[in-house]
Q: 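Dropping a structure here in structure tokens format, bear with me for questions.
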Number of protein chains: 2
Amino acid sequence: MPEKALLNELIDSLRCLPGVGPKSAQRMAFHILQRDRSGGARLAAVLAEAVRSIGHCQMCRTLTENALCELCRNSTRDDSVLCVVENPSDVMALEQATGFRGRYFVLGGRLSPLDGIGPAELGMDQLAQRLDELRPAELILAMTTTVEGEATAHYVGELAAERGVATSRIAHGVPLGGELEYVDGGTLAHAFAGRRRVAAE
Amino acid sequence: MPEKALLNELIDSLRCLPGVGPKSAQRMAFHILQRDRSGGARLAAVLAEAVRSIGHCQMCRTLTENALCELCRNSTRDDSVLCVVENPSDVMALEQATGFRGRYFVLGGRLSPLDGIGPAELGMDQLAQRLDELRPAELILAMTTTVEGEATAHYVGELAAERGVATSRIAHGVPLGGELEYVDGGTLAHAFAGRRRVAAE
């Protein structure tokens, strides 16, 4: 079908997006072509530019089209706290939800030797160097609680310990507003074991 | 945030896609940049080309990058049956699901005077002309059963009646495998009223 190729190719290309199957891709293609051509043209231009020019920050390894990301270039941020996360999206989530004003370091994944992801792939040398330069008072571990996340947190914790940097880890437990009966067993056990004494006043 | 602009702009642009909110757009942007840059580059190129060059078929008004779409150019299709649908996606759905080998005409919407969509916007003149040229033995109405769909079907039916063309309408009723208790009342009433006598054998 040479002449239907372009529409079919568009539907096909849209499937590179996560969570988009054949039906959604078809719906998206028709929506753009019938209702929002200007939005489609803008998306095409921005996407091409983003794929071409967005790389990694030389200091914290997050995604940016510059040599240094906005957060690393911001001289008003607190150099005494460094937060280590797995992905660039974690930086965005923490920035949106918390009042954290320190520095970040993005590993870009978790230690997973079976998948060929070792300390080198996660930039652990660069993190060690950053710790030496920055000499932060506190290093915050914000990895997930998967087996790989735990191993990664342990590895990063060792790097910090060797340099005498105090390490903390974000709290894992029952989400705010979460009903106990709907929380999964693992989280509940973790929250129970990690209970804190309430100040007696 | 001038230097985060490109990533944010990408997330923003992705929201032109139907059913994509801020969270999905963010997820899509990070997925493309971290895992599938080649897919992203291809999508950008195909999308730009599609938005630029896909227009409407001069004969049936469906979407195509050529003057005539593949189906209109196919000389082996049956000229004696013309199926009138609302959208290009309906053509694709019918082609995928049915063995229909006739011709199509795509209105591109439904009569809706309040939204400024009258016979001219739906190409009714072009349809009339097509009926005069083609002189089909049967015209199939495949509109939806909304109020506007019914009005549109009635209008097209009149065009056909004026030319002595026999008109049929696709069956509306309980979907195959649909349990009666889960089918909406309107559909059930329609299916009940439109019952057919079973051949006695």
Side-chain angles (χ1 to χ4, degrees), chain A residues 1-20 24-55 57 62-66 68-71 73 87-89 92-93 108-109, chain B residues 1-20 24-55 57 62-66 68-71 73 87-89 92-93 108-109:
Chain A
M1 294 199 287
E3 59 276 49
K4 250 206 171 173
L6 191 52
L7 179 56
N8 285 339
E9 217 184 316
L10 176 59
I11 293 171
D12 222 53
S13 307
L14 283 164
R15 295 194 54 193
C16 79
L17 299 170
V20 175
S24 318
Q26 197 173 309
R27 190 165 144 247
M28 287 173 170
F30 283 118
H31 177 89
I32 289 173
L33 293 172
Q34 291 184 278
R35 279 173 240 275
D36 193 9
R37 290 202 177 220
S38 64
R42 179 178 166 226
L43 173 57
V46 172
L47 184 56
E49 175 65 19
V51 167
R52 188 167 50 235
S53 67
I54 290 183
C57 172
T62 195
L63 292 169
T64 176
E65 70 265 37
N66 299 98
L68 292 182
C69 73
E70 185 209 12
L71 297 174
R73 282 197 281 161
N87 293 303
S89 51
M92 201 172 264
Chain B
M1 297 199 285
E3 59 277 50
K4 251 207 170 174
L6 191 50
L7 180 56
N8 285 339
E9 216 184 317
L10 176 58
I11 293 171
D12 221 56
S13 307
L14 282 163
R15 297 194 53 193
C16 79
L17 298 171
V20 176
S24 318
Q26 198 173 309
R27 189 166 145 246
M28 286 173 171
F30 283 117
H31 176 90
I32 289 174
L33 292 172
Q34 292 183 278
R35 276 172 242 276
D36 193 9
R37 290 202 177 219
S38 64
R42 180 180 166 225
L43 173 57
V46 172
L47 184 55
E49 175 64 18
V51 167
R52 188 168 51 236
S53 67
I54 290 184
C57 172
T62 195
L63 292 168
T64 176
E65 71 266 35
N66 298 99
L68 292 182
C69 74
E70 184 209 11
L71 296 175
R73 281 196 282 161
N87 293 303
S89 51
M92 201 171 265

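In this text the structure is predicted, and so the values were computed from the model without any measurement. Chain naming here is simple, since letters A, B, ... match the order of the sequence lines and numbering starts at 1 in each.
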Q: Give the minimum heavy-atom separation between B:P88 and A:Q34, together with the two atoms involved.
A: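 Scanning both residues, the minimum pair turns out to be CD-NE2, 3.1 Å.
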Q: State the SG-CZ distance between A:C16 and B:R37, to the nearest 0.5 angstrom.
A: 13.0 Å
Q: Nearest 0.5 Å, please: how far is CG in A:L47 from CG in B:L43?
A: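 One finds 5.5 Å between CG of B:L43 and CG of A:L47.
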Q: Against chain B, work out which of A:I54, A:V20, A:D36 has the most heavy-atom pairs shorter than 4.5 Å and name it.
A: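 Most heavy-atom pairs within the cutoff with chain B belong to A:I54.
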Q: Calculate, to the nearest 0.5 Å, the distance between atoms CD1 and OG belonging to B:I11 and A:S89 respectively.
A: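 The distance works out to 9.5 Å.
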Q: Pick one of side chain, backbone, both or neither for A:S53, based on which atoms fall under 4.5 Å of a heavy atom in chain B.
A: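 Side chain of A:S53 only, per the 4.5 Å heavy-atom cut-off to chain B.
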Q: Which one, B:P18, B:G109, B:G39, leads in non-hydrogen pairs under 4.5 Å with chain A?
A: B:P18
Q: At a heavy-atom separation under 4.5 Å, does A:I32 approach chain B through its side chain, its backbone, both, or neither?
A: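 For A:I32, the side chain is the part near chain B, not the backbone.
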Q: List the atom of A:S13, the atom of B:V46, and the distance in Å for their closest heavy-atom pair.
A: OG-CG2, 3.6 Å
Q: Checking A:E49 against chain B: side chain, backbone, both or neither under 4.5 Å from a heavy atom?
A: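 Both parts, backbone and side chain.
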Q: Looking at A:S24, A:G40, A:A48, which one has more heavy-atom pairs under 4.5 Å with chain B than the rest?
A: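 Ranked by heavy-atom pairs under 4.5 Å with chain B, first place is A:G40.
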Q: Nearest 0.5 angstrom please: B:T62 OG1 to A:L7 CG, how far?
A: 8.0 Å
